[in-house]
Amino acid sequence: IVLSSVEERYELGDMIGVGHFSQVHCARPAGSLGEHSIALKGIEQSVLNDDEEALAMLVGECRALRLASECSALQSRVVRLREVLGTPSSVYLVLDRVAG
């Protein structure tokens, strides 16, 4: 799904993680009054355009998460990838947020 801004669909909360290529924020659906139950992993488009390894890692992560979510034996043990969003500046993986 391509958006002009991720805030069209999600309200961002605190940053809960930082990696070499990405940042992770807790989030909730826009307009929702509930808790921040989603994790948004954001990767800048410029990183993906300039670093083939980062792009390959992102593609591999998405494939693995999708395959795991389709396997009924793993569904309760693997973080679910809900969707992948793109904006002009970033790609976002929308994941279930888990404690820990």
Side-chain angles (χ1 to χ4, degrees):
I1 297 172
V2 179
L3 306 170
S4 59
S5 168
V6 74
E7 286 85 4
E8 290 177 34
R9 289 183 67 129
Y10 295 99
E11 179 183 312
L12 297 179
D14 295 334
M15 185 183 311
I16 56 175
V18 177
H20 186 71
F21 301 117
S22 62
Q23 295 181 346
V24 181
H25 289 264
C26 58
R28 65 179 168 213
S32 170
L33 299 177
E35 62 183 55
H36 290 87
S37 62
I38 295 169
L40 277 177
K41 181 176 184 176
I43 304 101
E44 291 184 18
Q45 288 279 9
S46 61
V47 171
L48 300 174
N49 293 338
D50 296 340
D51 189 333
E52 289 182 27
E53 181 182 358
L55 180 59
M57 289 174 67
L58 176 63
V59 169
E61 181 176 4
C62 289
R63 280 187 186 144
L65 288 169
R66 284 196 173 123
L67 285 171
S69 67
E70 293 172 3
C71 178
S72 60
L74 296 176
Q75 285 178 349
S76 64
R77 296 180 178 94
V78 177
V79 172
R80 187 174 68 150
L81 176 63
R82 293 174 174 248
E83 61 184 340
V84 179
L85 303 174
T87 68
S89 62
S90 298
V91 172
Y92 294 90
L93 304 185
V94 182
L95 306 156
D96 287 338
R97 183 176 175 203
V98 295

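Residue indices begin at 1 and follow the sequence shown. Any value given below was found using the heavy atoms of this structure, including those in side chains, with hydrogens, waters and symmetry copies removed.
- You'll find the side chain of Cys62 reaches within 4.5 Å of the side chain of Val84, heavy atoms only.
- Note on Leu65 and Leu48: same hydrophobic cluster, where clusters join Ile, Leu, Val, Met, Phe, Trp and Tyr whose side-chain heavy atoms are under 4.5 Å apart, directly or indirectly.
- In terms of hydrophobic clustering, with Ile, Leu, Val, Met, Phe, Trp and Tyr side chains grouped at heavy-atom distances under 4.5 Å, Val79 and Val24 are assigned to different clusters.
- We find the CG-CD1 distance between Leu93 and Ile38 to be 13.0 Å, quoted to the nearest 0.5 Å.
- Interatomic distance, Asp51 CG to Leu58 CG, rounded to the nearest 0.5 Å: 11.5 Å.
- In terms of modelled atom types and a separation under 3.5 Å, the side chain of Glu8 and the main chain of Ser5 share a donor-acceptor contact.
- Between Val94 and Leu40 the shortest side-chain heavy-atom distance falls below 4.5 Å.
- Counting non-hydrogen atoms of other residues, nucleotides and ligands closer than 6.0 Å to CD of Glu83 gives a total above 12.
- The two residues Ala30 and Glu7 have their closest heavy-atom pair at CB-O, 4.2 Å.
- A 6.0 Å sphere centred on CG of Asn49 holds more than 12 heavy atoms belonging to other residues, nucleotides or ligands.
- Contact between Gly42 and Tyr92 at its shortest, heavy atoms only, is CA-CD2, 3.7 Å.
- Here Ile43 contributes atom CD1 and Glu61 contributes atom CD; the two are 7.0 Å apart, rounded to the nearest 0.5 Å.
- When all heavy atoms of Lys41 and Leu95 are compared, the closest pair comes out as CB-CD1, 4.3 Å.
- Ser4 and Pro88 make their closest contact through O-CD, 3.6 Å (heavy atoms, listed as atom of the first residue, atom of the second, distance).
- Counting all heavy atoms, side chain and backbone alike, Tyr10 lies closest to Ala27 at CB-CB, 4.3 Å.
- If you take CD1 on Ile1 and CG on Leu3, they are separated by 6.5 Å, rounding to the nearest 0.5 Å.
- Put simply, the residue from Glu11, Arg97, Met15 that forms a side-chain contact (heavy atoms from CB on, under 4.5 Å) with His25 is Met15.
- Annotation: the span from His20 atom NE2 to Met57 atom CE amounts to 8.0 Å, rounded to 0.5 Å.
- To the nearest 0.5 Å, the span separating CG on Leu67 from CG on Leu81 amounts to 11.0 Å.
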